[in-house]
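All remarks here apply to the structure that follows.
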Amino acid sequence: MKKFITNKAVLYILGSLFLIGLWFIVSACIDKNSMIFPDPIKTFGRMFQLLGVGDTYRYLGFSILRLLIGFVISFVVAFLLGMLVNNNEHLYNFFTPLMTFFKAAPTATFVFLFIILIGAKNAPIFVVFTVTMPILYESIVGAFRGTDKAVLAAAQIDGASRFKTMIKVQIPLGIPVISIGVASTFAMAFKIEIMAEIITGFTNGGLGSMIHNSQVVNPTDLTDMFAYSLMAIILVLLITILASFLKKKNMPRKLHRREYSA
């Protein structure tokens with residue numbers, strides 16, 4: 001019995017049931033008519049109704065497309081910078097203030113700035129880039145720097161250049177760590193993208209704009225807003241579960257000493 005109760009999956013289910021129960025209580029206390037703060041039954045019911053409408057998938061598609069564009073650009077830039085600063089402490093120190101700036105600057109500031117510079121339609125793409133790039137950069141640099149020193153020393157003894165060592169040793173060994181960072185950051189990137197759409201308000205399509213429009217069109221009934229928000233929460237939860245799975249299963253692989261010298 002104790003083993004069953006302490007099972008991870010069981011604890012997740014119990015935690016979810018507790019959250020739903022708490023949601024019921026808060027809804028009943030705040031809004032008896034379940035209009036301003038709809039209960040879980042009404043929210044889930046409305047979400048399934050919206051999932052039966054074709055436009056919902058178009059909104060999701062727009063959001064995911066902007067997310068992917070911003071995230072891919074972010075990863076490519078972070079990876080190239082990570083390769084550039086690898087084994088170069090001077091370049092690493094040079095880029096540190098820039099990365100600190102991106103991490104410290106309020107996200108909303110970037111949203112308003114990009115609305116002015118490039119328009120609301122594409123602002124979420126650049127917001128995703130500015131927020132996730134420094135995080136991916138640190139993950140990639142950390143993966144490269146975490147390479148076993150004995151393996152690097154063996155590569156130097158065998159006459160491998162720095163570039164060849166990076167391509168055949170550091171990148172292959174760093175893939176598990178990098179993939180964990182990518183999965184974890186992707187979940188956060190989706191929340192950032194939705195938030196950027198909500199702030200822009202008039203973004204052409206997107207789940208965030210639907211959340212915003214639902215509140216504007218009918219401020220006395222927020223069921224649609226809760227339903228769209230629940231879709232976003234479920235998607236982020238699925239991505240987070242994937243990240244947790246990768247973190248558990250993706251252990252660093254061993255690289256044979258002669259693999260990089262071939």
Side-chain angles (χ1 to χ4, degrees), residues 38 40 42-78 102-103 105-136 139 179 181-219 221-246:
K42 190 170 184 179
T43 302
F44 273 98
R46 183 55 179 157
M47 183 188 73
F48 287 122
Q49 288 179 355
L50 292 172
L51 288 175
V53 178
D55 282 345
T56 299
Y57 298 95
R58 183 167 61 87
Y59 304 147
L60 285 170
F62 277 125
S63 293
I64 293 173
L65 178 61
R66 294 189 186 101
L67 167 66
L68 290 176
I69 292 174
F71 195 80
V72 168
I73 295 173
S74 177
F75 178 79
V76 170
V77 172
F102 279 127
K103 289 191 296 182
T107 304
T109 302
F110 287 125
V111 177
F112 294 124
L113 177 63
F114 289 133
I115 288 176
I116 297 172
L117 294 178
I118 59 176
K121 181 179 180 180
N122 295 316
I125 295 175
F126 289 89
V127 172
V128 168
F129 168 78
T130 53
V131 174
T132 60
M133 192 273 290
I135 300 174
L136 290 172
S139 175
S179 63
V182 167
S184 301
T185 309
F186 192 79
M188 183 194 70
F190 189 69
K191 292 189 290 184
I192 294 296
E193 201 275 339
I194 295 297
M195 182 274 295
E197 289 182 351
I198 293 174
I199 293 178
T200 58
F202 47 88
T203 300
N204 184 24
L207 192 58
S209 63
M210 290 302 101
I211 294 173
H212 178 273
N213 292 340
S214 299
Q215 189 275 331
V216 172
V217 172
N218 194 356
D221 185 357
L222 301 183
T223 306
D224 280 6
M225 188 189 77
F226 270 63
Y228 283 121
S229 299
L230 185 59
M231 292 181 199
I233 291 171
I234 291 174
L235 287 173
V236 171
L237 180 61
L238 292 175
I239 297 171
T240 303
I241 291 174
L242 174 62
S244 178
F245 176 80
L246 288 173

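The closest donor-acceptor contact from the side chain of Thr43 to the backbone of Phe226 lies at 3.5 Å or more, if one exists at all. Looking only at distances, no side-chain donor or acceptor of Tyr228 sits under 3.5 Å from a matching main-chain atom of Gly208. Remark: the backbone N or O of Pro124 is not paired with any side-chain donor or acceptor of Glu197 at under 3.5 angstrom.
Nearest heavy atoms, Gly206 versus Phe62: N-CB, 3.9 Å. Considering all non-hydrogen atoms of both residues, Ser139 and Gly181 come closest at OG-CA, 3.7 Å. The two residues Thr223 and Arg46 have their closest heavy-atom pair at CG2-CB, 3.6 Å. When all heavy atoms are compared, the tightest approach of Lys191 to Val236 is CG-CG2, 3.7 Å. Nearest heavy-atom pair, Leu50 versus Thr56, reported as atom, atom and distance to 0.1 Å: O-OG1, 2.5 Å.
Atom CG of Leu207 and atom OG of Ser229 lie 7.5 Å apart (nearest 0.5 Å). A distance of 10.5 Å separates CG of Asn213 from CD1 of Ile198, quoted to the nearest 0.5 Å. Atom CD of Glu193 sits about 9.5 Å away from atom CG of Leu68, to the nearest 0.5 Å. Going from atom OG of Ser63 over to atom CE of Met231 covers 11.0 Å, rounded to the nearest 0.5 Å.
Sorted by first and then second residue, the side-chain hydrogen bond (donor to acceptor under 3.5 Å, both in side chains) pairs involving residues 127-136 (not counting sequence neighbours) are Ser74-Thr132.
With contacts defined as side-chain heavy-atom distances shorter than 4.5 Å, the pair Ile135/Phe102 does not qualify. At least one side-chain heavy atom of Met47 sits less than 4.5 Å from a side-chain heavy atom of Ile234. Between Val128 and Arg66, every side-chain heavy-atom pair lies at or beyond the 4.5 Å cut-off. Between Leu67 and Ile192 the shortest side-chain heavy-atom distance does not fall below 4.5 Å. Between Tyr57 and Leu51 the shortest side-chain heavy-atom distance falls below 4.5 Å. Side-chain contact between Phe126 and Leu113: absent, with no pair of heavy atoms (C-beta onward) separated by less than 4.5 Å.
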ask   = Yes or no on side chain to side chain contact (heavy atoms under 4.5 Å, CB included) for Phe44 and Leu230, after CA distance, side-chain angles and deciding distance?
value = CA-CA 8 Å; Phe44 273 98; Leu230 185 59; 3.7 Å; yes

request  = Apply side chain to side chain contact (heavy atoms under 4.5 Å, CB included) to Phe129 and Val77, showing your working.
outcome  = CA-CA 9 Å; Phe129 168 78; Val77 172; 3.8 Å; yes

